[in-house]
Each structure stands twice: as structure tokens, then as C-alpha cells.
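See structure below.
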Amino acid sequence: MESEREPTGEVIDAMEQPLSDEDGLEEKTDETREPESDIPTSALTDIEAAIIGLEKRRWKYPGAKEQAIRQQLSLGPIAYYQLLNTMIDTPRVIAVEPALTRRLREHRDNG
């Protein structure tokens with residue numbers, strides 16, 4: 001006969017408990033995530049990598065992204081978005097960042 005366990009009154013928050021490798025459900029971080037393609041990130045030019053880096057960020061204040069574009073890339077917003085729109089249709093960039101480029105294309109095409 002299976003014995004019942006006494007409740008301890010301890011509440012375990014599943015969000016605070018890290019998943020273990022044994023579960024096969026460990027959340028992958030950038031350091032542990034397997035590459036999504038055979039194309040290395042170094043396949044991007046310096047400007048492409050910088051643009052991808054800016055697009056991955058979340059911007060808290062209006063105008064902060066445009067200010068970062070000017071400071072980090074020495075580009076105006078129009079030139080930046082022209083480059084970005086060309087990049088997100090480039091197979092090499094899509095292979096390196098498929099999820100990001102898909103999201104940006106959907107935003108451009110639907111928004």
C-alpha cells in the first residue's frame with residue numbers, strides 16, 4: 001500500500017526552481033544554445049552585427065534607439081532602416097538570426 005506524504009506547508013514555486021538536464025527541459029541560454037545553422041555569426045559584417053545587436057535590444061524611452069543609432073553607427077535613422085530592410089531579406093543574415101529576421105519582416109510587411 002502506498003503511503004501518503006504529510007503536507008509540510010512548504011510551497012514550492014516552480015518558476016524559482018531551475019530545470020535540470022535530467023528533465024531534458026533545461027532552458028537554453030545564449031551560451032548553451034546550439035547554433036541554429038552552420039553559418040557562423042562571424043559571417044556578418046561589423047555593421048550587420050551592430051544593427052542586429054540594436055534590434056535585439058528593448059528601448060525604454062522614445063528616441064533612445066535613434067540616439068544609439070547615431071552614436072554607435074554614425075548613421076541617420078533613414079540610412080539605418082534602409083540597411084536593416086535590405087539585411088532582413090538577405091539569406092546569410094536570415095541563416096544567422098532566423099527568428100529576429102522573421103519578426104522584423106512581419107513587422108515591416110504588416111505594420
One pair to check against side-chain contact (heavy atoms from CB on, under 4.5 Å): Ile88 and Asn85. What are the steps and the verdict? CA-CA 5 Å; Ile88 62 177; Asn85 282 321; 4.0 Å; yes
Exercise: identify the closest heavy-atom pair between [X] and [Y]:
{"X": "Pro98", "Y": "Thr101", "result": "O-OG1, 3.1 Å"}
{"X": "Met87", "Y": "Glu48", "result": "CE-O, 3.6 Å"}
{"X": "Arg92", "Y": "Thr45", "result": "NH1-N, 4.3 Å"}

Quick check: is Ile51 connected to Leu100 through a chain of hydrophobic side chains (ILVMFWY, heavy atoms under 4.5 Å apart)? yes
Spacing of OH belonging to Tyr81 relative to CG belonging to Leu104, to within rounding of 0.5 Å: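 It comes to 9.5 Å.
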Verify the neighbour count for atom CG of Asp46: are there more than 12 heavy atoms of other residues, nucleotides or ligands below 6.0 Å?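 Open: at most 12 neighbouring heavy atoms sit under 6.0 Å from CG of Asp46.
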Less than 4.0 angstrom from a charged side-chain N to a carboxylate O is my criterion; do Glu97 and Arg102 meet it?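 A salt bridge is absent here (no side-chain N lies under 4.0 Å from a carboxylate O).
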Compile the donor-acceptor pairs under 3.5 Å between side chains in residues 66-76 and protein atoms, sequence neighbours left out, one pair per line.
none

List the steps and the verdict of side-chain contact (heavy atoms from CB on, under 4.5 Å) for Arg108 and Leu84. CA-CA 10 Å; Arg108 176 192 64 194; Leu84 176 63; over 6 Å; no
